Amino acid sequence: MKQNQFSLTIQQLERIVKEAKAEGREDIVTFALKGNRLKVTQQDWGHSKTHTVMDKPC
């Protein structure tokens, strides 16, 4: 069954935001469900550089 939702604790969400802001850039944060995993990536605006912020089972 394909999963179309995920849950995060407030602490996990705060950690994602803190890490995304740490770079000091205006980036795009993407939340994607792939298989049974939540993958959160940060892409540098205007560049192809991508950083995985979180990769956890759903």
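Quick caveat, the model's predicted, so the values are computed rather than measured.
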**Asked** Is any side-chain heavy atom of F6 less than 4.5 Å from a side-chain heavy atom of V40?
**Response**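 Not in contact.
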**Request:** Answer whether the closest heavy-atom distance between the side chains of Q43 and T30 falls below 4.5 Å.
**Result:**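 No, too far: nothing below the 4.5 Å cut-off.
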Drop me the distance from [X]'s [atom1] to [Y]'s [atom2], to the nearest 0.5 angstrom.
X: C58; Y: K39; atom1: SG; atom2: NZ; answer: 11.0 Å
X: E19; Y: H51; atom1: CD; atom2: NE2; answer: 3.5 Å
X: Q12; Y: S7; atom1: CD; atom2: OG; answer: 9.5 Å
X: R15; Y: M54; atom1: CZ; atom2: CE; answer: 5.0 Å

**Stepwise side-chain contact (heavy atoms from CB on, under 4.5 Å) check, L38 with D55** = CA-CA 6 Å; L38 168 63; D55 184 352; over 6 Å; no
**Prompt:** Would a hydrophobic clustering, with Ile, Leu, Val, Met, Phe, Trp and Tyr connected at side-chain separations under 4.5 Å, put L13 with V29?
**Reply:**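 Per the 4.5 Å side-chain linkage, L13 and V29 are co-clustered.
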